[in-house]
Amino acid sequence: MMTIKAFRARKARLRFRPELWVHLVGELARRGRGDRESGAFLLSPRSGDGRTVTAVAYLDDLDPASLVGDIHFHSDGYGLLWNICDRDDVRVVGDVHTHPGAIVRQSYIDQANPMLARVGHLAVVMPHFAQGPVPREKVGVHEYLGEAGWHCSYAADAARLI
């Protein structure tokens, strides 16, 4: 078990309360129904460290037509997202979406179309449409680097980032 001192010492880029992580995985699984991708934006207080995820905005709540097998998020959804950010005084610090099977690499479409094209934005990919528990070691964490593309982390390296 990780001590509080060890938790603080690690270089986490995104931090989740365990119950929020479990709820996120369960909601993504429910919304994807085991046969389609689902996703969400990860939100953190504007006044905070920018790493602690305290809320989630699910893509299909923002754009009900977004989950069509893969994800097609439309521009109107961003307007609703920015309204939530203003209302709740939060900012987007990352996004998460699911993939079929064990693959947590980004697809070509993911790489070419970041959900938020801002350097440093993190995109988390969960396997198996998030069906069942998803430990941190099983996700992919992808940092957007702008013109330089993406820095991708897997397994233990990904786990250290979240």
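None of these values were measured; they are calculated from a predicted model.
Across Trp150 and Ala123, no two heavy atoms sit closer than the pair CZ3-CB, 4.2 Å. The heavy-atom pair separating Leu81 from Ala57 by the smallest distance is CD1-CB, 4.0 Å. In plain terms, the two heavy atoms of Ala40 and Leu24 that are nearest each other are CB-CD1, 4.4 Å. For the residue pair Ala130 and Ala29, the shortest heavy atom distance occurs at O-CB, 3.2 Å. Taking every heavy atom of both residues into account, Leu161 and Ser153 meet most closely at CD1-OG, 3.5 Å. Nearest heavy-atom pair across Arg15 and Asp49 is NH1-OD2, 4.0 Å.
Distance CZ/Phe129 to CZ/Arg33: 10.5 Å, rounded to 0.5 Å. The distance from the CZ atom of Arg31 to the OH atom of Tyr58 is 6.0 Å, given to the nearest 0.5 Å. In this structure, the separation between CG on Leu122 and CD on Glu143 is 5.5 Å, given to the nearest 0.5 Å. Summarising the geometry, atom CD1 belonging to Ile84 is positioned 8.0 Å from atom CG belonging to Asp61; distances are rounded to the nearest 0.5 Å. Interatomic distance, OH of Tyr144 versus CG of Asp95, reported as 12.5 Å (0.5 Å rounding). Here the straight-line distance linking atom OG of Ser107 with atom CD of Glu37 works out to 7.0 Å at 0.5 Å rounding.
Residues Leu67 and Leu28 are members of separate hydrophobic clusters, defined by side-chain heavy-atom contacts under 4.5 angstrom among Ile, Leu, Val, Met, Phe, Trp and Tyr. Hydrophobic clustering (ILVMFWY, side-chain heavy atoms < 4.5 Å, transitive): Leu80 and Phe41 are in one cluster. Tracing side-chain contacts under 4.5 Å through hydrophobic residues (I, L, V, M, F, W, Y), one reaches Leu116 starting from Leu43; they form part of the same cluster. Hydrophobic clustering keeps Ile71 apart from Val125 (ILVMFWY residues linked when any side-chain heavy atoms are closer than 4.5 Å, directly or through intermediates). Transitive grouping of hydrophobic side chains (ILVMFWY, heavy atoms separated by less than 4.5 Å) brings Val134 and Val96 into a common cluster.
Within 6.0 Å of the CZ atom in Arg46, the count of heavy atoms belonging to other residues, nucleotides or ligands exceeds 12. Residue-environment remark: CZ (Arg118) stays at or below the threshold of 12 foreign heavy atoms within 6.0 Å.
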Begin from the C-alpha positions of Asp110 and His99 and carry the test side chain to side chain donor-acceptor pair (under 3.5 Å) through to its verdict.
-> CA-CA 11 Å; Asp110 294 340; His99 276 181; 3.1 Å; yes

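Taking 4.5 Å as the limit, every side-chain heavy atom of Ser38 sits out of range of all side-chain heavy atoms of Asp60. Put simply, the side chain of Val56 reaches to within 4.5 Å of the side chain of Leu20, judged on heavy atoms. Side-chain contact between Trp82 and Val92 is present, with at least one heavy-atom pair separated by less than 4.5 Å. Between Cys152 and His142 there is a side-chain heavy-atom pair separated by less than 4.5 Å. With a 4.5 Å cut-off on side-chain heavy atoms, Phe73 and Asn113 do not count as touching. Contact of the Arg13 side chain with the Val141 side chain is not registered, since no non-hydrogen atoms from C-beta on lie closer than 4.5 Å. Side-chain contact between Cys85 and Val90: present, with at least one pair of heavy atoms (C-beta onward) separated by less than 4.5 Å. The closest side-chain heavy-atom distance from Met115 to Leu59 is below 4.5 Å.
A donor and an acceptor atom, one from each side chain of His72 and His74, are nowhere located under 3.5 Å apart.
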